[in-house]
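Input: one structure, supplied below.
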Amino acid sequence: MSAFGSGSRLPDAFLAPGTASFADFLASQAPDLLPSARNLPAGPAGDLAPHGTTIVAATFADGVVMAGDRRATMGNIIAQRDIEKVFPTDEFSCAGIAGTAGLAVEMVRLFQTELEHYEKIEGTTLSVDGKANRLAALIRNNLSLAMQGLAVVPLFAGYDHRAEQGRIFSYDVTGGRYEETAFHAVGSGSLFARGALKKLYRDDLTEGDCVTALVQALYDAADDDSATGGPDLARRIFPVVHVITADGGRRLGDDEVAAVADRVVAARMNRPDGPAAALV
């Protein structure tokens, strides 16, 4: 009998103490609710759903910034112009999604619940490394779908209070976890975004400088990758930007991002390839 008495409407399994992992609990009680529990037809399934790109992140003195473009594609079709790909996962971390959009969003929601569940059960928050490891496990569970073309490759960032710095983690489709230094990008436009950040990034960037550098990188990605959306001035659709410091995370307001994007676009009118870096 459960601690809530025989009149409880919940089965004992829901009330008994157990693992602090919500995903493991769900797998034992209702596995059909997991993102990886999908019955798909045989063969590749990658064209069945919209895909999202591109996510960029960079650290600065007080924390870390992550930004994502707003375009989702299905083959050569723009499926959505204003999709959101960067989400807070708890007060001091966020995740950006690249790959199959629907599964990626569902995985992030499960990850958010996982972190909240752990905090309620254990009475403390997971470390940044612990969070990164839990996300790796969720990605690994999606491997069977990734082999059918429904891959999810997120980018994770958080503020580490022990190290007093922002940290960035990337992943592969098998759940491999890799800590990145200074900046990173994922998605189809990541090659161009990383190339831009190599020239723009400096160790002494302020928060505002870091946001501008990421918007510049997304602009360069959109300039060379058709699956990445640049600033949409007509519809006033701009990247989603999250800033995380020791005080917590926040999403920049649309007006703040629009002001940065407007400055970037105006400068590109004079120099389409973007700001030049010093030779030495």
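No hydrogens, no waters, no symmetry mates; every other heavy atom, side chains included, goes into these values.
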key: Rounded distance (nearest 0.5 Å) linking atom CE of M66 with atom NE2 of H184   =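 Taking CE in M66 and NE2 in H184, the distance rounds to 10.0 Å.
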ask   = Does R167 reach the side chain of V64, with side-chain heavy atoms less than 4.5 Å apart?
value =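 R167 does not reach V64 side chain to side chain.
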inquiry  = Starting from Y118, can I reach L138 by hopping between I/L/V/M/F/W/Y residues whose side chains sit under 4.5 Å apart?
reply    =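 In one cluster with L138: Y118, yes.
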inquiry  = Quick check against the 3.5 Å criterion: does T89 have a side-chain atom that pairs as donor or acceptor with the backbone of S93?
reply    = yes
inquiry  = Could you measure the distance from the CG atom of L110 to the CE atom of M107? Nearest 0.5 Å is fine.
reply    = 8.0 Å
Check ion pair E207-R250 (N to O, under 4.0 angstrom) =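 Yes, E207 and R250 are salt-bridged.
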message = Using 0.5 Å steps for rounding, measure from the CZ atom of F87 to the CD1 atom of I97.
response =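 If we round to the nearest 0.5 Å, F87:CZ and I97:CD1 are 4.5 Å apart.
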inquiry  = Could you check whether Q216 and R268, counting side-chain N and O atoms only, form a donor-acceptor pair closer than 3.5 Å?
reply    = yes
message = Checking Y201 against T59 for the side-chain hydrogen bond (donor to acceptor under 3.5 Å, both in side chains) test, could you report, in this order, the C-alpha distance in whole Å, the side-chain angles of both residues, the deciding distance, and whether it holds?
response = CA-CA 9 Å; Y201 184 83; T59 58; 3.2 Å; yes
ask   = How far apart are the closest heavy atoms of A151 and V173, and which atoms are they?
value =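 Minimum heavy-atom contact is CB-CG1, 3.8 Å.
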ask   = Do V264 and L214 belong together in a cluster built from hydrophobic side chains that touch within less than 4.5 Å?
value = yes
message = Quick one, L115 with K131, criterion side chain to side chain contact (heavy atoms under 4.5 Å, CB included). Give me CA distance, side-chain angles, the key distance, then yes/no.
response = CA-CA 7 Å; L115 297 185; K131 296 172 188 177; 3.8 Å; yes
task = Answer yes or no: is there a side-chain heavy-atom contact under 4.5 Å between R251 and E84?
result =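 SC-SC contact between R251 and E84 confirmed.
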inquiry  = Applying a strict under-4.5 Å side-chain criterion to I, L, V, M, F, W and Y, I'd like to know whether V186 and V108 cluster together.
reply    =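 They do not share one cluster, since no chain of ILVMFWY contacts under 4.5 Å joins V186 to V108.
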Electrostatic pair R194-E180, nearest N-O below 4.0 angstrom =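 A salt bridge is absent here (no side-chain N lies under 4.0 Å from a carboxylate O).
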message = Tell me whether R109 at atom CZ has more than 12 heavy atoms from other residues, nucleotides or ligands lying less than 6.0 Å away.
response =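 Result for CZ/R109: open.
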key: Gap separating the CG atom of L135 from the CZ atom of F169, nearest 0.5 angstrom   =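 Rounded to the nearest 0.5 Å, the CG-CZ separation comes to 10.5 Å.
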message = Under a 3.5 Å distance rule, please check whether Y171 uses its side chain to pair with a backbone N or O of A132 as donor and acceptor.
response =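 Confirmed, Y171 side chain pairs with A132 backbone.
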Contact summary for L233 and D262, nearest pair of heavy atoms =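 Distance-wise, the nearest heavy atoms are CD2-OD1, 3.7 Å.
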task = Report yes or no: do T206 and D209 form a side-chain donor-acceptor pair below 3.5 Å?
result = yes
query = Parallel under 30°, tilted from 30 to 60°, perpendicular over 60°: which one fits the rings of F156 and F111?
reply = perpendicular
Pairwise side-chain contact, L205 with R202, heavy-atom cut-off 4.5 Å (strictly under) =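 Yes, close enough: below the 4.5 Å cut-off.
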ask   = Can you list the steps and then say if F60 with T245 is a side chain to side chain contact (heavy atoms under 4.5 Å, CB included)?
value = CA-CA 9 Å; F60 65 104; T245 66; 4.0 Å; yes
request  = Test salt bridge (Lys or Arg N to Asp or Glu O under 4.0 Å) on D160 and R162 and set out the steps.
outcome  = CA-CA 5 Å; D160 190 333; R162 295 176 183 174; 5.5 Å; no
ask   = Are Y159 and I55 co-members of a hydrophobic cluster defined by side-chain heavy atoms under 4.5 Å apart?
value = yes
Nearest-0.5 Å distance that lies between atom CD in E114 and atom CG in L126 = 8.0 Å
request  = Identify the heavy atoms of F192 and D220 that sit nearest to each other, and give their distance.
outcome  =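 Of all heavy-atom pairs spanning F192 and D220, the closest is CB-O, 4.0 Å.
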query = Which heavy-atom pair separates A98 from G187 by the least distance, and what is that distance?
reply =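 In this case the closest contact between A98 and G187 is CB-CA, 4.0 Å.
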ask   = Under 3.5 Å, is there a donor-acceptor pair linking the side chains of D172 and Y178?
value =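 Their side chains do contain a donor-acceptor pair, which is all the 3.5 Å distance test asks for.
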query = Hey, what do you get for OG1 (T54) to CG (L155), rounding to the nearest 0.5 Å?
reply = 11.5 Å
message = Any side-chain to backbone donor/acceptor pair from E119 onto E116? Under 3.5 Å, distance only.
response = no
message = Can you tell whether the side chains of D232 and R71 come within less than 4.0 Å, N to carboxylate O?
response = no
task = Identify whether the distance between the nearest side-chain nitrogen and carboxylate oxygen of D129 and R177 falls below 4.0 Å.
result = yes
request  = Compare all side-chain heavy atoms of L145 with those of N142 and state whether any distance is below 4.5 angstrom.
outcome  = yes
query = Between R70 and D82, is the closest basic N to carboxylate O distance under 4.0 Å?
reply =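 Between R70 and D82 there is no salt bridge, as every charged N stays at least 4.0 Å from the carboxylate O atoms.
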Shortest non-hydrogen contact between V241 and A67, atoms and distance = CG2-CB, 3.9 Å
query = Is D255 atom CG crowded by more than 12 heavy atoms from other residues, nucleotides or ligands, each under 6.0 Å away?
reply =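 No, because the 6.0 Å sphere around CG of D255 holds 12 heavy atoms or fewer from other groups.
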M74 vs H51 side-chain heavy atoms within contact, under 4.5 Å = no
query = Does CD in E179 sit with more than 12 non-hydrogen atoms of other residues, nucleotides or ligands closer than 6.0 Å?
reply =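 Result for CD/E179: enclosed.
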ask   = Does F238 belong to the same Ile/Leu/Val/Met/Phe/Trp/Tyr cluster as Y219, with side-chain heavy atoms less than 4.5 Å apart forming each link?
value = yes
task = Please name the pair of heavy atoms, one in D225 and one in G189, separated by the smallest distance, quoted to 0.1 Å.
result = OD2-N, 3.3 Å
